[in-house]
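Order of appearance sets the numbers: ligands from 1, and atoms from 1 within every ligand.
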Amino acid sequence: MVNTLAWGELTNEFTAKGVTLIAVSKTRPVSDIKELYSLGQRDFGENYVQELTEKHTQLQSDIRWHFIGHLQSNKVKYIAPFIHLIHTVDGFKLLTEINKQAFNAGRTIDVLLQFYIAAEETKFGLDEKEIIVLLDHYEAQKQELKNVRICGLMGMATNTENKQQVHAEFSRLYNFFVFLKDTSFFGKPYFSKCSMGMSADYPIALEEGSTMVRIGSLLFGERK
Ligand SMILES: *Cc1c(COP(=O)(O)O)cnc(C)c1O
């Protein structure tokens, strides 16, 4: 079941603000994706490689597929030919593998670095120092890494009722994004994406400067 009313409201709000709405369709049937597609939705997010590749073959080729789950290096090759944006790069090895598979597929793949902002041990990602170190490695090997393009940061806040904490976490992410934009990525207009916010916390993410919001349950109902 798709909540088309919620989709319309979110689309109006996000369009007015210049924010991208990613419909997170993990675990949802292809029929649900088709329903949103028929309304005009083109950006969809998935967490699992096999589920994504199956859906990709069954659906229209102008869908922009976003990978938002934890990505293992040995699975990059399956999504490299078509993925629009990988939000979850959390290490240099993964970055080099994406570059290699993008080269094999004859394309450049856009990625975001996953920034660890939550006070929860279950979430993947890098902190400020680790991102700086990764960018140093990237800078040193830039000539060999021409098929991958770092376009911004992604993060997930702690799953908590404490709004102040969520504000602080998104603010930390956004401020670091702006810092990188003004330093390592100065003069690189493609470094423009700050992916933050889900169904429960997207209003706070928007207040803190999000440019891409990933919404699942508000559009498709609660996951089982
Ligand atoms: C599942 C998921 C979402 C969507 O979560 P909802 O609470 O259903 O909106 C967003 N981002 C990531 C990384 C996810 O894994």
Among all the protein's non-hydrogen atoms, which is closest to [atom], and how far away is it?
{"atom": "atom 12 (C) of ligand 1", "value": "Ile68 CD1, 3.5 Å"}
{"atom": "atom 9 (O) of ligand 1", "value": "Ser199 OG, 2.5 Å"}
{"atom": "atom 14 (C) of ligand 1", "value": "Lys26 NZ, 3.0 Å"}
{"atom": "atom 7 (O) of ligand 1", "value": "Ser217 OG, 3.4 Å"}
{"atom": "atom 5 (O) of ligand 1", "value": "Met198 CE, 3.5 Å"}

Could you check Arg223 against Ser217 for side chain to side chain donor-acceptor pair (under 3.5 Å), going step by step and ending with a plain yes or no?
-> CA-CA 7 Å; Arg223 275 180 305 277; Ser217 31; 4.8 Å; no

Quick check: does Gly216 get an N/O under 3.5 Å from an N/O on ligand 1?
-> yes

Cluster check Tyr174, Ile131: I/L/V/M/F/W/Y, side chain < 4.5 angstrom = yes

Would Leu219 and Val213 show up in the same hydrophobic cluster when neighbours are defined by side-chain heavy atoms closer than 4.5 Å?
-> yes

Any residue meeting side chain to side chain contact (heavy atoms under 4.5 Å, CB included) with Glu139, in chain and number order, not counting sequence neighbours | Lys142

Could Lys17 and Glu13 be called an ion pair, given the rule that one side-chain N must be under 4.0 Å from one carboxylate O?
-> yes

Thinking salt bridges, do Glu128 and Arg172 make one under a 4.0 Å N-O criterion?
-> yes

At less than 4.0 angstrom from any non-hydrogen atom of [X], what atoms of ligand 1 do you find?
{"X": "Asn47", "answer": "14 (C), 15 (O)"}
{"X": "Arg214", "answer": "4 (C), 9 (O), 10 (C), 11 (N), 12 (C), 13 (C)"}
{"X": "Met156", "answer": "13 (C)"}
{"X": "Arg223", "answer": "1 (C), 5 (O), 6 (P), 8 (O)"}

Contact region, Ile215 to ligand 1, non-hydrogen atoms below 4.0 Å, reads backbone

Between Lys55 (side chain) and Ser25 (backbone), is there a donor-acceptor pair under 3.5 Å?
-> yes

Sub-4.0 Å heavy-atom contact, His87 with ligand 1 | no

State if Met154 counts as touching ligand 1 under the rule of any non-hydrogen atom under 4.0 Å.
-> yes

Ring-ring centroid check Phe124 Tyr116, cutoff 6.0 Å = no

Any pair counted as ring-ring contact (aromatic ring centres under 6.0 Å, His included), so long as it reaches residues 137-171, sequence neighbours left out | Phe92-His137

